[in-house]
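In what follows, every chain begins at residue 1, and chains take the letters A, B, ... in the order their sequences are listed. Quick note: numbers below take in every heavy atom, side chains included, and nothing from hydrogens, waters or symmetry partners. Computed from a predicted structure; not experimentally measured.
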Amino acid sequence: EPEVTQTPSHQVTQMGQEVILRCVPISNHLYFYWYRQILGQKVEFLVSFYNNEISEKSEIFDDQFSVERPDGSNFTLKIRSTKLEDSAMYFCASSELGGAAEQYFGPGTRLTVT
Amino acid sequence: AQTVTQSQPEMSVQEAETVTLSCTYDTSESDYYLFWYKQPPSRQMILVIRQEAYKQQNATENRFSVNFQKAAKSFSLKISDSQLGDAAMYFCAYRSPAYSGAGSYQLTFGKGTKLSVIP
């Protein structure tokens, strides 16, 4: 069964550094998403991406964040100048076009900023 | 803006018994989607069940079923014949309809209910 994959599973970085989180969505899906879950809290929407551009973003997704689909398979989240409060689980998700409502999540990347 | 509330931070159930997890939501839309996601200790988000608001029939997936009360804006999850593998965080989530024009279909999650299964 097709699945969303994410790399790395765990990333440790120092405050102020840049990180890139990678995702490979399900191959025939056209909508892509990033969500964040700070430990012990609910999952929060960051951004959605369709047709090579951001379709919607939350208040959390400020200039520190960017997304890109550099090729036909990868979808990346870049966090510039990381802060301690960026420590969280980051989930990538994808969904089909055409009215299908399910979003399929990847296993997540645990980001630890020290 | 839509909000999702899960009023039970933790629940427990005996193995083989039935448990119901509560979820309420607030929206001004008449058509939308509701979901239950399971997050085991591995922290991966797994879709359990979905419900379209325009469907009156409650969704069922094997041992999982929902009680969707649109007027009350309530969407509870019933797990029958609970198994040890059901132990996890369960998140209720809301999504706007496909024609909402937002173009993003973002999910709005509740804070979750931690379910423990007692052998």
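Note on B:Tyr90 and B:Val66: same hydrophobic cluster, where clusters join Ile, Leu, Val, Met, Phe, Trp and Tyr whose side-chain heavy atoms are under 4.5 Å apart, directly or indirectly. Using a 4.5 Å cut-off between side-chain heavy atoms of Ile, Leu, Val, Met, Phe, Trp and Tyr, with links allowed through other members, A:Met89 and A:Trp34 fall into different hydrophobic clusters. A:Phe105 and A:Leu30 fall within a single hydrophobic cluster, where Ile, Leu, Val, Met, Phe, Trp and Tyr are joined by side-chain heavy atoms under 4.5 Å apart, directly or via other members. Under a hydrophobic clustering in which Ile, Leu, Val, Met, Phe, Trp and Tyr are joined whenever their side-chain heavy atoms come within less than 4.5 Å, directly or via other members, A:Tyr31 and A:Phe75 fall into different clusters. Residues B:Leu47 and A:Val43 share a single hydrophobic cluster, defined by chaining ILVMFWY side chains whose heavy atoms lie under 4.5 Å apart.
A donor-acceptor pair shorter than 3.5 Å can be found between the side chains of B:Arg43 and A:Gln37.
For an aromatic pair to be called close, the ring centres must be under 6.0 Å apart, and A:Phe45 with B:Phe109 fails this.
Judged purely by atom type and a 3.5 angstrom limit, A:Tyr35 uses its side chain to pair as donor or acceptor with the backbone of B:Leu107.
Heavy-atom neighbours of A:Asp63 CG from other residues, nucleotides or ligands within 6.0 Å: at or below the threshold of 12.
Atoms OG and CZ, on A:Ser95 and B:Arg95 in that order, are 7.0 Å from each other to the nearest 0.5 Å. For the atom pair B:Tyr33 OH and A:Glu102 CD, the distance stands at 9.0 Å (nearest 0.5 Å). Rounded to the nearest 0.5 Å, atoms NZ (A:Lys42) and SG (B:Cys92) are 11.0 Å apart.
Between B:Lys111 and A:Gln41, the closest side-chain pair of non-hydrogen atoms is not below 4.5 Å. Residues A:Phe91 and B:Gln39 are in side-chain contact: their nearest non-hydrogen atoms beyond the backbone lie under 4.5 Å apart.
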